[in-house]
**Q** 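Please read through the structure below; I'll follow up with questions.
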Amino acid sequence: MKTYARFKDAIRDVGRALATVGYVVDGKRWQSVDVSDKPEMKMRELFNTSFTVQLNDEDHNSYQEDIQPNLPWADDHFEERVGGRPLNPGVQWANWPWSLSADKFRRAGEQFSHTYMERYWPKDAGDNVDGLEPHLGIRYEYGDLSDVVEHLTNNPETRQAFLPVWFPEDTGVVHGERVPCTLGYHFLYRHGYLHMTYYIRSCDFSRHFRDDLYLSLRLQVYMMDCLRVQPGWKDIKPGMFVFHCVSMHCFENDYRIICEDYK
């Protein structure tokens with residue numbers, strides 16, 4: 001796994017790899033939609049894309065030029081994600097550059113099948129929106145982002161600080177609902193540094209990659225901010241940002257542009 005000093009270099013190398021060795025996947029469905037009669041929806045794919053970026057700064061503003069996400073949307077949506085409420089649909093989805101496409105997946109023009117806000121804060125999501133009763137799994141109550149912070153605070157050497165975005169209910173989807181692309185985030189504190197590994201099953205290079213990186217980078221910085229106010233954590237430093245994607249891909253129309261930009 002290659003380690004970079006800047007995200008822009010990692011993005012460049014992923015783009016070059018997709019342009020030069022990306023293979024064709026003629027899938028029949030995309031985001032629960034039948035695309036078998038749409039040749040432009042064929043994909044170019046890289047299998048198991050991984051890299052590491054050593055963070056040398058924790059000011060997220062310094063990463064805006066490096067990653068070049070969609071701004072101000074990415075900043076506004078991040079604040080929505082960590083706001084402590086399991087919003088669905090929320091507000092910022094409508095300000096996303098591809099919001100018209102996203103709107104097609106709302107049920108009867110209302111909620112989506114899932115949101116990141118629901119997955120970060122699942123205790124009060126769904127039928128448990130009033131929060132009066134514990135939201136139970138098989139044996140234990142649901143946890144959320146604040147529980148990951150608390151666990152790290154009390155157990156600095158833990159290997160269990162994981163925030164899942166993919167839930168068991170996603171495994172059970174058989175009726176064509178959309179499911180999360182992100183699997184989850186693993187936080188590891190070692191020798192004064194907070195490292196994060198971002199696991200994602202599927203990522204669109206042209207439309208989502210930069211935003212996904214930036215939103216995840218902001219989550220890593222957010223975790224440091226949350227920990228730093230706890231006793232004994234004031235000297236925490238940013239560590240490694242590790243990215244692992246099973247299916248890095250683009251559509252055929254975007255592939256032509258990627259070839260022009262990265263080959």
Side-chain angles (χ1 to χ4, degrees), residues 1-11 14 49-69 71 74-84 116-117 119-123 142-167 180-201 203 208-246:
M1 183 186 300
K2 188 171 181 178
T3 298
Y4 297 86
R6 302 183 303 177
F7 281 94
K8 65 173 57 177
D9 296 329
I11 294 169
V14 173
T49 298
S50 301
F51 59 81
T52 297
V53 177
Q54 171 61 60
L55 303 184
N56 296 310
D57 192 343
E58 59 186 273
D59 179 7
H60 67 268
N61 294 304
S62 69
Y63 292 99
Q64 293 177 353
E65 176 61 27
D66 188 16
I67 301 174
Q68 297 185 357
L71 295 171
D75 281 331
D76 294 338
H77 180 51
F78 178 76
E79 296 301 330
E80 192 175 46
R81 285 188 180 189
V82 299
Y116 278 80
M117 291 78 77
R119 298 307 169 88
Y120 282 21
W121 311 101
K123 291 182 179 181
Y142 271 36
D144 59 21
L145 179 56
S146 65
D147 291 301
V148 180
V149 174
E150 182 179 358
H151 187 62
L152 261 172
T153 300
N154 297 329
N155 305 276
E157 304 305 320
T158 185
R159 296 181 294 273
Q160 300 175 1
F162 186 79
L163 178 66
V165 174
W166 182 278
F167 282 14
C181 293
T182 293
L183 300 177
Y185 313 87
H186 183 255
F187 302 93
L188 191 71
Y189 176 72
R190 291 292 184 270
H191 308 109
Y193 294 87
L194 183 68
H195 309 289
M196 188 186 77
T197 301
Y198 176 32
Y199 296 101
I200 182 169
R201 64 173 182 84
C203 186
H208 298 284
F209 187 31
R210 293 175 186 270
D211 288 338
D212 286 340
L213 290 176
Y214 183 73
L215 288 163
S216 300
L217 174 277
R218 287 215 55 185
L219 181 61
Q220 188 171 359
V221 172
Y222 171 88
M223 290 292 288
M224 288 189 291
D225 289 341
C226 291
L227 291 167
R228 189 169 283 124
V229 299
Q230 305 299 324
W233 285 89
K234 68 181 181 64
D235 295 325
I236 187 173
K237 293 172 286 191
M240 298 285 191
F241 177 104
V242 184
F243 177 84
H244 181 74
C245 176
V246 178

**Q** For Gln54 and Gly239, indicate whether the former's side chain and the latter's backbone hold a donor-acceptor pair under 3.5 Å.
**A** yes
**Q** Do NZ/NE/NH1/NH2 and the carboxylate oxygens of Arg6 and Glu65 come within less than 4.0 Å?
**A** no
**Q** When you compare the side chain of Asp144 with that of Pro122, does any pair of heavy atoms fall below 4.5 Å?
**A** yes
**Q** Donor-acceptor check, side chain of Thr158 to backbone of Gln160, threshold 3.5 angstrom: yes or no?
**A**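 A pair under 3.5 Å: yes.
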**Q** Indicate yes or no for a side-chain donor-acceptor contact from Arg210 to the backbone of Pro69 under 3.5 Å, with no hydrogens or angles considered.
**A** no
**Q** Evaluate the side-chain proximity of Thr182 to Arg119: yes if any heavy-atom separation is below 4.5 Å, no if none is.
**A** no
**Q** Side chains of Gln68 and Tyr214: donor-acceptor distance under 3.5 Å anywhere?
**A**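 Per modelled atom types, Gln68 and Tyr214 side chains form no pair under 3.5 Å.
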**Q** I need the minimum non-hydrogen distance between Cys203 and His208, along with the two atoms involved.
**A** SG-C, 4.3 Å
**Q** Using only atom types and a distance under 3.5 Å, with no angle test, would you say the side chain of Ser216 pairs donor to acceptor with the backbone of Leu213?
**A** no
**Q** Between Phe51 and Lys2, is there a cation-pi geometry (under 6.0 Å to ring centre, at most 45° from the normal)?
**A** no
**Q** Taking ring pair (Phe, Tyr, Trp, His ring centres under 6.0 Å) as the cut-off, I'd like each qualifying pair that reaches into residues 220-242, sequence neighbours left out, listed once.
**A**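 Of all non-adjacent pairs touching residues 220-242, those that pass ring pair (Phe, Tyr, Trp, His ring centres under 6.0 Å) are Phe7-Phe241, Tyr189-Trp233.
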**Q** Which distance, rounded to the nearest 0.5 Å, do you find between the CG of Leu215 and the NE2 of His60?
**A** 11.0 Å
**Q** Holding to ring pair (Phe, Tyr, Trp, His ring centres under 6.0 Å), I want the full list of residues that pass it with Tyr198, two or more places apart in sequence or in another chain.
**A**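 Ring pair (Phe, Tyr, Trp, His ring centres under 6.0 Å) list for Tyr198, sorted by chain: Tyr185, Phe243.
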**Q** Do Lys234 and Val229 have side-chain heavy atoms sitting under 4.5 Å apart?
**A**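 Side chain of Lys234 against side chain of Val229, heavy atoms only: no contact under 4.5 Å found.
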**Q** Using 30° and 60° as the class boundaries, would you call the ring planes of Tyr116 and Tyr120 parallel, tilted or perpendicular?
**A** perpendicular
**Q** Check whether Trp121 reaches the backbone of Arg81 with its side chain - one donor and one acceptor, N or O, closer than 3.5 Å.
**A**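 Yes; at least one donor-acceptor contact below 3.5 Å.
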**Q** Whether Lys123 and Asp147 form a salt bridge (side-chain N of Lys/Arg under 4.0 Å from carboxylate O of Asp/Glu) is what I want to check.
**A** yes
**Q** Would you give the length of the straight line joining atom SG of Cys245 to atom CD1 of Ile200, rounded to the nearest 0.5 angstrom?
**A**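 Rounded to the nearest 0.5 Å, the SG-CD1 separation comes out at 5.5 Å.
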**Q** Roughly how far, to the nearest 0.5 Å, is CG of Asp212 from CG of Leu217?
**A**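 So the gap between those two atoms works out to 12.5 Å.
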**Q** Donor-acceptor pair, His186 side chain versus Thr197 backbone, under 3.5 Å?
**A** no
**Q** Nearest 0.5 angstrom please: Lys237 NZ to Leu55 CG, how far?
**A** 13.0 Å
**Q** Nearest 0.5 Å please: distance from the CG atom of Leu188 over to the CG atom of Leu152.
**A**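 Atom-to-atom, Leu188:CG and Leu152:CG are 8.5 Å apart.
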**Q** Quick one, Val149 and Met223 - any side-chain contact, counting heavy atoms below 4.5 Å?
**A** yes
**Q** Do NZ/NE/NH1/NH2 and the carboxylate oxygens of Glu157 and Arg190 come within less than 4.0 Å?
**A**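 Salt bridge: yes.
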**Q** Less than 4.0 Å between a side-chain N and a carboxylate O, is that true for Glu79 and Arg218?
**A** yes
**Q** Heavy-atom count around Phe162 CZ within 6.0 Å, excluding the residue itself: above 12?
**A** yes
**Q** Once you round to the nearest 0.5 Å, how far does CZ of Phe187 lie from CG of Leu227?
**A** 9.0 Å
